[in-house]
Chemist: 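Before I ask anything, let me first share the structure, which is written out below as structure tokens.
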Amino acid sequence: MAEVFLVMLYEDLPLFCITVVFICFLVTSGLVLGCFGLVVPVILRNSEETESSTRVLKKRMRQVKNPFGLEITHPATASVTKGVTLTPDCLEDCILTCYWGCGVQKLHEALQKHVYCFRIKTPQALEDALYSEYLYRQQYFIKKNDKEEKYCQLPEDAQVVDFGPVPRSRYPLVALLTLADEEDREIYDIISMVAVIHIPDESYRLSCRILYQYLLLAQGQYHDLKQLFMSANNTTPSPSDTPPGERSTDRSLLEKAGLAEDEPELHEETSKDCVVCQNGAVNWVLLPCRHTCLCDGCIKYFQQCPMCRQFVQESFPLCSKKEQDEDESTHILQDVPPGRVF
């Protein structure tokens, strides 16, 4: 028996050696890739390995209260000729100043002057930095927590129907929010907010929207306020968002088919759950892609964003574990207006 085994091993020795060398190559490659933080094939991973081998940096955040809020009311009806309706929502008395046809280059030069020269904490300071590079100015006084709509429109004698082809040298509208009382400027770190708003005209009919928002700090910095991409397990619009005419038509069709049901009095809000475990609440923002799709339990397992597969360089939580525990214990849901805290 031993003689037969030795003969078979001798005959198959080249194949045996090749197999051993190939297995050693795979194991060595997996170790090298793991040391450099690269993706290791699943077949080479340790079955007991649970957490990511490379720890993603947790960005240290500083919570700052933003006294300014600005929304576009009825963006579908806004245009250069018809004007636009803005709804400010401020924690203190503020001044809303709207600049129509503001120069693109001059605005960005003004932001740099806020950093290196003087602080833009009043409308006059911005106008000095712009060198009057705008077509028309409107100004409103906003009372504390007043959400009254403000209508902004170019005068008829301006005879402006568009701002030229893209790329343009002027922004259609730039809205500046500043604190009205000088004492409030000593309390808040954020002393003003600049919003660049696109308004459709005859040559560029992109829907009305806020293109950029800049928060200007008292220390001389400014930050670009960016959107977060939140995950949600239910993207179906609620019946309250559907126009009454369409809702009644849809219901009549369902009634004819015998599929209509009684509408509930209360509609449950869209819940935001982790895209991986579908159980924990979304809490972590991944940078630089800004996808907010992971809970506290799943964040430690990923080096790449599960939504777009981009490598995660940094991450930060929306709220601390202590805040989450307080919310769970009190069962109180509070709606925070967007842009208040960053």
Side-chain angles (χ1 to χ4, degrees), residues 37 39 51-52 54-66 68-76 78 86-87 89 171 175 190 193-198 200 206-215 221-238 240-242 267-321 323-324 327-328 333-342:
V39 179
E51 296 188 10
S52 173
T54 303
R55 184 177 297 273
V56 176
L57 296 177
K58 294 183 179 179
K59 192 175 183 66
R60 298 186 62 182
M61 305 299 294
R62 183 169 64 95
Q63 195 174 54
V64 180
K65 183 179 291 186
N66 179 15
F68 308 110
L70 186 67
E71 294 182 1
I72 301 175
T73 312
H74 313 300
L86 303 177
T87 304
D89 182 12
Y171 287 126
I190 300 174
M193 183 181 76
V194 176
V196 178
I197 303 174
H198 168 74
L206 181 70
S207 59
C208 182
R209 65 190 65 185
I210 296 178
L211 298 178
Y212 312 104
Q213 280 184 301
Y214 301 102
L215 300 177
Q221 303 92 355
Y222 71 91
H223 299 290
D224 183 3
L225 194 62
K226 296 182 179 179
Q227 293 181 346
L228 299 181
F229 305 108
M230 300 289 292
S231 63
N233 63 353
N234 181 16
T235 56
T236 304
S238 62
S240 59
D241 297 334
T242 308
H267 300 283
E268 192 173 317
E269 290 187 359
T270 300
S271 59
K272 298 177 176 61
D273 296 332
C274 176
V275 298
V276 179
C277 66
Q278 296 292 315
N279 186 29
V282 166
N283 188 39
W284 283 86
V285 180
L286 309 180
L287 299 177
C289 65
R290 305 199 307 277
H291 279 119
T292 311
C293 55
L294 294 176
C295 64
D296 292 329
C298 295
I299 181 64
K300 55 188 176 183
Y301 299 130
F302 290 89
Q303 299 178 24
Q304 293 175 272
C305 173
M307 300 291 290
C308 64
R309 302 301 180 187
Q310 186 172 359
F311 279 95
V312 180
Q313 298 178 5
E314 291 179 309
S315 62
F316 67 90
L318 293 176
C319 60
S320 62
K321 183 64 176 175
E323 292 174 344
Q324 285 183 335
D327 291 341
E328 292 177 0
L333 297 177
Q334 297 179 350
D335 294 330
V336 180
R340 283 301 181 85
V341 178
F342 79 102

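Residue numbers run from 1 in the order of the sequence given. All values reported here derive from a predicted model rather than from experimental measurement.
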Chemist: What's the verdict on side-chain contact (heavy atoms from CB on, under 4.5 Å) for Glu71 and Asp89, showing C-alpha distance, side-chain angles and the deciding distance?
Modeler: CA-CA 8 Å; Glu71 294 182 1; Asp89 182 12; over 6 Å; no
Chemist: Please evaluate residues Leu287 and Gln313 with respect to the criterion side-chain contact (heavy atoms from CB on, under 4.5 Å), reporting the C-alpha separation (whole Å), side-chain torsions for both, the decisive distance (0.1 Å), and the verdict.
Modeler: CA-CA 6 Å; Leu287 299 177; Gln313 298 178 5; 5.6 Å; no
Chemist: Indicate the atoms forming the closest heavy-atom contact of Cys208 with Pro75, along with that distance.
Modeler: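 Scanning both residues completely, I find the closest heavy atoms to be CB-O, 3.5 Å.
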Chemist: Could you tell me whether a side-chain N or O of Arg290 sits under 3.5 Å from a main-chain N or O of Gln227, the two making a donor and an acceptor?
Modeler: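 Yes, Arg290 side chain to Gln227 backbone: donor-acceptor pair under 3.5 Å.
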Chemist: How about Tyr212: does its OH atom have over 12 heavy atoms from other parts shown lying under 6.0 Å from it?
Modeler: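 Result for OH/Tyr212: open.
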Chemist: Atom CD of Gln278 and atom SG of Cys298: how far apart are they, to the nearest 0.5 Å?
Modeler: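 With rounding to 0.5 Å, CD (Gln278) is 9.5 Å from SG (Cys298).
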Chemist: Can you measure from SG (Cys289) to CD (Gln304) and round to the nearest 0.5 angstrom?
Modeler: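 So the SG of Cys289 and the CD of Gln304 are separated by 10.5 Å.
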Chemist: If I compare all heavy atoms of Asp273 with all of Asn279, which pair ends up nearest, and what's the gap?
Modeler: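 The answer is OD1-O, 4.4 Å.
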Chemist: Determine the minimum heavy-atom distance between Leu294 and Val275, stating which atoms define it.
Modeler: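 For Leu294 and Val275, the tightest heavy-atom pair comes out as CD2-CG2, 4.5 Å.
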Chemist: Could you label the plane-to-plane angle of the His291 and Phe229 rings as parallel, tilted or perpendicular, counting under 30° as parallel and over 60° as perpendicular?
Modeler: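 Tilted, since the angle between the ring planes falls between 30° and 60°.
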Chemist: For the residue pair Cys295 and Cys274, what are the closest heavy atoms and their distance?
Modeler: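 Nearest heavy atoms, Cys295 then Cys274: N-SG, 3.6 Å.
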Chemist: Using the side-chain contact (heavy atoms from CB on, under 4.5 Å) rule, take Ile197 and Leu211 through it: C-alpha gap first, then chi angles, then the decisive distance, then the call.
Modeler: CA-CA 6 Å; Ile197 303 174; Leu211 298 178; over 6 Å; no
Chemist: Report the distance from atom CD of Gln213 to atom CG of Asn66, rounding to the nearest 0.5 Å.
Modeler: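 Atom-to-atom, Gln213:CD and Asn66:CG are 8.5 Å apart.
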Chemist: How far does CD1 of Ile210 sit from CD1 of Ile72, to the nearest 0.5 angstrom?
Modeler: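 Those atoms lie 4.5 Å apart.
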Chemist: To the nearest 0.5 Å, how far apart are CG in Leu318 and CH2 in Trp284?
Modeler: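 Going from CG on Leu318 over to CH2 on Trp284, the span is 9.5 Å.
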Chemist: Of all the heavy-atom pairs spanning Val312 and Cys305, show the shortest one and how long it is.
Modeler: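 For Val312 versus Cys305, the nearest heavy atoms are CG2-N, 3.7 Å.
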Chemist: How long is the straight-line distance from CD of Gln310 back to CG of Leu286, given to the nearest 0.5 Å?
Modeler: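 These two atoms lie 9.5 Å from each other.
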Chemist: Show, in sequence, the C-alpha distance, side-chain angles and deciding distance for Phe302 and Val276, and conclude whether the side-chain contact (heavy atoms from CB on, under 4.5 Å) test is met.
Modeler: CA-CA 10 Å; Phe302 290 89; Val276 179; 3.6 Å; yes
Chemist: Work out which heavy atom in Ser207 is nearest to a heavy atom in His198; give both atom names and the distance.
Modeler: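 Ser207 and His198 have their closest heavy atoms at O-CD2, 3.5 Å.
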